[in-house]
Participant: 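One structure, as structure tokens, below. Some questions next.
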Amino acid sequence: HARFSDAIRKQAVRVKEKERFAYIITYTVTDGDSLAERMEHLKESKKAFRLFGQKRIDGRSKGEASKFRAAISAVEIKRGEGGKKWHPHSHDLVFTDKPIDYHVYDQKRKKRLERRYGSNIPRRFLDRIALRSVSFRGESVPASKVSAEWLRATGGDSMSISVEPIHHVPANCSEKKKAQYMAMSFEDSVFRQANEILKYPLKPSDNVPADMITIITDTFNKRFVATYGEFRGVPGDDYNDPAANDEETFVLTYDREKGCYGEPVPGTVRDLLEDEEITKTRSEVGRLLGDYRRRRKHLVEQRNHYGDSLSVVLDNLKQQFRNRVNQLYTLYRQSISYKNRSTYEGGIVCKPNCDKYHAPLALNGVYVPGINYRDLVSLAWS
């Protein structure tokens, strides 16, 4: 988040000067049994939602996303109510040039009803002051303009989209936090609230070990944080920026002679693995990844042709990609092992001989080179 500190504060200044508006938007899709499928559905739904505001020859289309000028998005993964199905959703910090139309009811008439009934306004009166309604799961449901568009973007799956305007002091926070926010500038307050958005991908420990295995598997090469609009041009490298003293990172290496992991070594993976072989391997993996994504997109576009068998075809394509990546790293390990045979004297490993990266573990400051899937399962359960 430090990379976006200045960019967020500059947007906040424009909000304070009444040039822009700031919101926290939460996009939600219906819970499901397959995390991979729900993640893909969430991504495609957000893409469709943003297309409603795309540029046209004569301006922009009339979707609410046409008002977006800068945004940063973070995905949170957890189980839904009851802990039975996967509940991925996206938290976005959004800056717009016009207010978002998120009200479901006529606000003046609603306030008059609140003075009479408090928070228990009869449903029949609310229905009369709804600004619009949509058909959702066989019923006519009151909706805001933005929730109606989200329903359309999800293909009728969900109309659950929360839009919360950002204020200097957030609503519903404790008295202690209210005092803290009041002591800040408006720009610092917005940046701190942005931190609340960006923390969600950094919470893998909130899931039980068995769920962690599913998350690692189903989110392979998936992005948890994305930017769009004016935030896409923010310079910086999240991987090369030096860590602060209280954010030291470590590399955990495997000692083949002893058959166990050694002590964590301060530093980053690139400090240990920046050689010609790994550069070539990473480059080839990147090429394979691009080819995989293009083929996957083509298959999804042909979904009507494949029908119910599409999921099987996509799974086969993913497995083919993983097999090819594993073959590349096998060749890399063999090359490094041959070059560094003398470095294993005395049971000491001077260089890790693999570069297999698992994001959820790395987010906790742990990088595990040379690990296979079975070892990963054992590590998670331990």
Side-chain angles (χ1 to χ4, degrees), residues 1 23-52 65 68 71-94 136-137 146-147 149-164 194-228 231 238 289 292-293 296-297 299-300 303 310-311 314-315 317-318 321-322 357-364 376 380:
H1 64 276
Y23 301 90
I24 293 176
I25 302 180
T26 303
Y27 301 84
T28 306
V29 293
T30 302
D31 298 354
D33 295 320
S34 170
L35 174 59
E37 185 275 330
R38 288 289 87 188
M39 288 280 288
E40 184 69 15
H41 180 59
L42 176 63
K43 183 188 77 172
E44 292 300 321
S45 297
K46 288 189 66 178
K47 185 188 299 184
F49 179 80
R50 288 177 56 201
L51 286 176
F52 295 157
F68 293 5
I72 184 166
S73 170
V75 174
E76 179 183 10
I77 297 176
K78 64 180 183 179
R79 293 283 188 175
E81 293 183 3
K84 294 181 180 180
K85 295 187 177 183
W86 288 106
H87 179 65
H89 49 287
S90 172
H91 301 272
D92 292 26
L93 172 68
V94 179
F136 181 57
R137 296 177 181 173
V146 71
S147 62
E149 291 178 5
W150 180 240
L151 177 65
R152 179 184 167 197
T154 62
D157 173 80
S158 172
M159 58 183 296
S160 180
I161 179 171
S162 169
V163 180
E164 296 290 340
N195 291 344
E196 293 297 307
I197 299 296
L198 295 173
K199 73 180 182 182
Y200 289 108
L202 307 179
K203 297 172 58 181
S205 58
D206 286 359
N207 295 284
V208 299
D211 284 349
M212 280 298 302
I213 300 303
T214 301
I215 292 173
I216 290 171
T217 303
D218 287 5
T219 62
F220 179 70
N221 274 336
K222 297 291 192 301
R223 289 185 178 181
F224 281 76
V225 178
T227 59
Y228 45 98
F231 282 166
D238 293 331
L289 177 59
Y292 163 68
R293 287 175 172 170
R296 182 181 62 186
K297 180 180 179 181
L299 290 173
V300 172
R303 61 171 65 90
L310 177 61
S311 61
L314 290 176
D315 286 343
L317 178 64
K318 180 188 292 185
F321 167 70
R322 289 180 174 176
Y357 181 80
H358 294 287
L361 294 176
L363 288 172
N364 277 337
L376 184 61

Participant: What verdict does the side-chain contact (heavy atoms from CB on, under 4.5 Å) test give for D92 and K46, after you've listed the backbone C-alpha separation in whole Å, the side-chain angles of each residue and the deciding distance to 0.1 Å?
Facilitator: CA-CA 11 Å; D92 292 26; K46 288 189 66 178; 2.9 Å; yes
Participant: Assess R50 against F68: is NZ or CZ under 6.0 Å from the centre of the six-membered ring, and within 45 degrees of the ring's axis?
Facilitator: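 No - R50 does not lie over the ring of F68 by the 6.0 Å and 45° rule.
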Participant: With heavy-atom distances below 4.5 Å as the criterion, would you say the side chains of S90 and L42 are in contact?
Facilitator: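 SC-SC contact between S90 and L42 confirmed.
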Participant: Would you call R38 and D157 a salt bridge, using N to O less than 4.0 angstrom?
Facilitator: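 Counted as a salt bridge, because a side-chain N and a carboxylate O are separated by less than 4.0 Å.
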Participant: Measuring from atom NZ of K318 to atom OG of S311, what distance do you get when rounded to the nearest 0.5 angstrom?
Facilitator: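 If we round to the nearest 0.5 Å, K318:NZ and S311:OG are 11.0 Å apart.
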Participant: Evaluate salt bridge (charged side-chain N to carboxylate O under 4.0 Å, His left out) for K84 paired with D33, printing each intermediate quantity in order.
Facilitator: CA-CA 8 Å; K84 294 181 180 180; D33 295 320; over 6 Å; no
Participant: How far does CD1 of I161 sit from CE of M159, to the nearest 0.5 angstrom?
Facilitator: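 Here the rounded value is 10.5 Å.
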Participant: CH2 of W150 to OG of S158: how many Å apart, nearest 0.5 Å?
Facilitator: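 Rounded to the nearest 0.5 Å, the CH2-OG separation comes to 7.0 Å.
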Participant: Do F49 and E44 have side chains that get closer than 4.5 Å, going by heavy atoms?
Facilitator: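 Side-chain contact under 4.5 Å: no.
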Participant: Quick one: does T219's side chain get under 4.5 Å of I77's, heavy atoms only?
Facilitator: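 Touching, per the 4.5 Å side-chain cut-off.
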Participant: Between I25 and S162, does the side-chain contact (heavy atoms from CB on, under 4.5 Å) criterion hold? Intermediate values first, please.
Facilitator: CA-CA 5 Å; I25 302 180; S162 169; over 6 Å; no
Participant: If you define the side chain from C-beta out and look only at heavy atoms, does anything of L289 sit under 4.5 Å from F321?
Facilitator: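 Of all side-chain heavy-atom pairs linking F321 with L289, at least one is under 4.5 Å.
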Participant: Out of curiosity, Y292 OH to R322 CZ, how far, rounded to the nearest 0.5 Å?
Facilitator: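 The OH atom of Y292 sits 7.5 Å away from the CZ atom of R322.
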Participant: Atom CH2 in W86, atom CG in D218: separation rounded to 0.5 Å?
Facilitator: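 Nearest 0.5 Å value for the CH2-CG distance: 8.0 Å.
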Participant: Going by heavy atoms in the side chains, are T28 and H87 under 4.5 Å from each other?
Facilitator: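 Yes, side chains in contact.
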Participant: Check R152 with E149, please: is the shortest side-chain N to carboxylate O separation under 4.0 Å?
Facilitator: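 No, this pair does not count.
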Participant: Residues in salt bridge (Lys or Arg N to Asp or Glu O under 4.0 Å) with D31, at least two apart?
Facilitator: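 Here no residue qualifies.
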Participant: What are the two closest non-hydrogen atoms of Y228 and V94, and how far apart are they?
Facilitator: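 That would be OH-CG2, 4.4 Å.
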Participant: Are the side chains of H89 and V75 in contact, using a 4.5 Å heavy-atom criterion?
Facilitator: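 When only atoms from C-beta onward are counted, H89 and V75 do not touch, as no gap falls below 4.5 Å.
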Participant: Taking T26 as the fixed residue, which of H91, E164, E76 is the one that meets the side chain to side chain contact (heavy atoms under 4.5 Å, CB included) rule?
Facilitator: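 When side chain to side chain contact (heavy atoms under 4.5 Å, CB included) is applied between T26 and each of H91, E164, E76, only H91 qualifies.
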Participant: Do L35 and T217 have side-chain heavy atoms sitting under 4.5 Å apart?
Facilitator: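 Heavy-atom side-chain distance check fails, nothing below 4.5 Å.
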